[in-house]
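Let me begin by presenting the structure, written as structure tokens, before commenting on it.
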Amino acid sequence: MKKFFLLLFVAFASVANCQHSHLCKHGQLQNNLVWSPKSSENDNKRSDTINIINYSVYLDFSNASAQEIQGNCAITFHPKQNNISHINLDLLELSIDSITQNDTLITYSYNDTLIQASLLSVLNTIDTATVVVHYHGSPQQDASGWGGFYFQGSYAYNLGVGFSADPHNYGRVWHPCFDNFKERATYNFEILTTNGNTSYCNGQLISDLVSGDTLIRSWEITSPIPSYLANVAVGPYTHARMDHISALSGLTIPVWLISSPSDTSSFTNAFQNLDDAIDIYESEFGLYKWSKVGFVAVPFSSGAMEHSTNICYPKAVLGSGIAYETLMAHELSHQWWGNYVTTESENEMWINEGMAVYCEHLFLEGKYGYTTYINNVKSNHKNVLLNAHINDDGHYALANVPHLHTYGDHSYKKGADVMHTLRSVMGDSNFFAGLKSIQLNRAHRTINSLEFRDELNASSTVDVTDFFNDWIMNPGFPQFSIDSFSVSPNGSDFDVTVYTKQRLRAAPSYYNSVPFQITLLDDSWAKASKSILLSGIVDTVTITIPFHPTVAFLNENDKINQATTGENSVFYSVSNLDLNYSEIRLFVDQLDDSVFLRSEHNYVAPDGFIDPSGWNAQYKLSEERYWTIHGIFGNNFRGKMRVFYKGQSPGALDYELFNDGGTGIFHEDSIRLFYRSGAGEEWTVLPNCTVQPAGNPLDGYGYINTDTLLPGDYTFGWISGPVGLNDQIDKKEYRIYPNPTKNVLWIDLRDFESSNYTLTINDLNGKMVQSESSCSSISLLDLSRIKPGVYILSVMDQSKFILSEKIIVH
Ligand SMILES: [Zn+2]
């Protein structure tokens, strides 16, 4: 499935409009059983003892205006073990009228979540049985607002997962089932509708039975599906046929676009590239195996849900042309990833959702070319590095994402991010052959991360064991860079020995066997690219090239999504440019005929050193990021750059740096840009920089302009303690006391020459709460009108900043 937030306000409105008027909490108890279930069985274990063969669901929607359904579900099953006397079924807060087996009432318990039904006799593995649950009620929506059963105007439909439900599988809101990923059964549906409404379900339409204004439609899906992929959609529907001739097989794939008649033309327009999407995925993963491609428009505006052959798709975006076609492609791709081969557990949702987001990229590549693909991969990668750990409240292994973040950035965006790297590690032919092999070998089955790995290993000559250990089974990212290189002549060629270093971002151990492209250039722009395999904290590789290089860097073509984003630029004239992947603004003020620049933004601590006895040692360096500039500048080059510091809120790139647990005094004038020409050099403050607070000098946001641009590394440093505007080492004594305080604060500035101060108190959001002038070097502030809390006292002499300090008011 896919959620989106663009339309969230619509979603809230629609949820608010269809709150259920009551909850059915009156489940009947005919309980002579001691066992008392408390919750649904949130695992695949039941499917090891009983195999459900078929669900036959009959539902009557004639009372849809009261948001009620009534009907029954016949569950046909056979035991996988002997001596089975009960069957446990998930069903959420509906009312059970009776349960029968062979037309005989059987006893059961039901706690609004789980049914335990006693079978008429003990069953063994040679037996097959059918129990029929008769039920009615008002089906539930998920508390998150995403998933469950919806009644909206003439429409009624389910979305098969609940974002906050546990388990997330949500077939149980409308029929009794084993609500897990492993159990798969065929489905038959008979859906009774009135008032001109029709029903659409998974699979094929078998029959329409019309009687007055009552319609009973029968549907059948003969491919087994898990309960969360079952779907019923009722509404004023018709469907348009856009049948597709498979480029791979030449066979016709029925395509049904289901909507109200008034939406049909916008639907077919919005899906004009569906044919391409089907062909792209068939060529990459194998033939489409389902009986139809079906999309049904529903008035749910916060995303789409990939029910097999009956994908619920937001009606609200049909009028937007192809603007949402990656959503179309995402949901279509689930018919391979998620529906045909399904994640074994919610913790490994990357197998469903990371693959589907990666399939969006693959659709764009197949339709619009590699440049569109790689631009989307890069954009997603930057987004993951900046936001995934913030949005998901931590760094997780893709194979072990906690329940709360099943549908978070890691499963979706980092899953896709890592698939791009896997493709680079395996090479295209191995990668796609491996994915096809998984589709064949795991058809209609679950798969976990290690099985995914083993399938790829079995299908190709590339061993992905290290890859899965590093990138899937553990959190974080590596960051490889070239520390230095040496060159020695070798006949008419040159041996270049490259010394690399690996740093880690939120990862527990160093990555191994990562294939990088290394690019070497000389001053006349002769260029060589080679593939090298890097492992461990440091590595050394020697390559032979036909020229003496002056510049060397890794990953020019972004094949490996490591903890760096960067780009190459060529300048032919005086210009300035935002380089978004390297987080800098570049100014070229003077140049020869052209300038080559490789700029990188690294999302790791810039290890290295500051002489502990030197002046620079009073600074703390960023542990979050640093920049690297490579270039062939020419003799007459003059340029500079601007880098933004971003410490304004928790999670911002420099927030940790500015909140290092020091004295708590903060002013942006104390931020410095540090520089080293290479990884072996000491970090030193870059001279002649200008700090521009960009508004409030206490909010942690602004930028630094350099007056020159040099190849090398850059990072931020920050000094704890009062710093003057122009002379950061001119420390003068002062006293501010008592701190913490209740209602008064003394400020003793006798060490300063001036006697004309402005004393300002801001809250931590930068809002001024008190400001006073003082003509004395010792001042007394009355804080009795200030609410208890933490504040920043700033002292200015005329317009000159003197100091700021954190104060606590009880
Ligand atoms: Zn999805």
Side-chain angles (χ1 to χ4, degrees), residues 1-8 11 142 144-148 157-165 167-171 181 202 225-231 271 274 277-278 280-281 284-285 288 290 293-296 298 300-314 317 324-364 376 380 383-384 388 391-392 398 401 403 405-419 435 439 446-447 452:
M1 69 287 333
K2 188 148 191 192
K3 58 186 169 184
F4 38 81
F5 298 101
L6 291 173
L7 299 162
L8 207 56
D142 189 53
S144 68
W146 211 112
Y157 57 95
N158 74 294
L159 301 177
V161 302
F163 275 0
S164 68
H168 293 297
N169 314 54
Y170 233 13
F181 291 113
N202 312 85
I225 57 172
S227 52
Y228 81 99
L229 294 176
N231 180 242
F271 276 51
L274 179 63
I278 296 170
I280 289 163
Y281 295 148
E284 289 165 341
F285 313 135
Y288 186 79
W290 304 91
V293 171
F295 282 85
V296 53
V298 296
F300 179 77
S301 300
S302 299
M305 178 65 210
E306 67 266 20
H307 312 108
S308 303
T309 71
N310 215 46
I311 297 162
C312 284
Y313 195 81
V317 304
Y324 288 87
E325 65 177 352
T326 54
L327 179 63
M328 169 196 79
H330 177 112
E331 302 303 327
L332 177 71
S333 75
H334 272 309
Q335 309 303 310
W336 284 264
W337 301 107
N339 297 11
Y340 201 57
V341 178
T342 310
T343 181
E344 181 179 279
S345 75
E346 64 180 28
N347 308 100
E348 298 173 294
M349 192 53 72
W350 75 269
I351 292 170
N352 289 15
E353 297 302 344
M355 287 301 295
V357 174
Y358 188 62
C359 287
E360 297 176 37
H361 301 329
L362 291 176
F363 164 72
L364 293 171
N376 275 267
N380 181 63
N383 193 323
V384 168
N391 293 340
D392 289 353
L398 285 181
V401 173
H403 174 78
H405 302 295
T406 303
Y407 300 109
D409 281 7
H410 281 76
S411 298
Y412 281 74
K413 295 174 183 172
K414 191 178 176 192
D417 189 64
V418 168
M419 281 305 102
L435 295 182
Q439 287 287 316
T446 59
I447 193 168
F452 206 108

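Both counts, for ligands and for their atoms, begin at 1 and track the order of listing. Because the structure is a prediction, the values reported are computed rather than measured.
Although no hydrogens or angles enter the test, the distance criterion places no donor-acceptor pair under 3.5 Å between the side chain of Ser411 and the main chain of Gly408. Distance alone, capped at 3.5 Å, is enough to place a donor-acceptor pair between the Asn380 side chain and the Lys413 backbone.
In summary, Glu306 places no N/O/S atom under 2.8 Å from the Zn ion (ligand 1), failing the contact criterion. Here Met1 reaches the Zn ion (ligand 1): one of its N/O/S atoms is less than 2.8 Å from the metal.
Atoms CD1 and CG, on Ile225 and Asn339 in that order, are 8.0 Å from each other to the nearest 0.5 Å.
Figure legend: cation-pi geometry between Lys3 and Tyr407 absent, as NZ or CZ is not positioned both under 6.0 Å from the six-membered ring centre and within 45° of its axis.
Computed with the Zn ion (ligand 1) at the centre, the His330 NE2 to His334 NE2 angle is 100°, stated to 10 degrees.
Within Glu353, the N, O or S atom lying nearest to the Zn ion (ligand 1) carries the name OE1.
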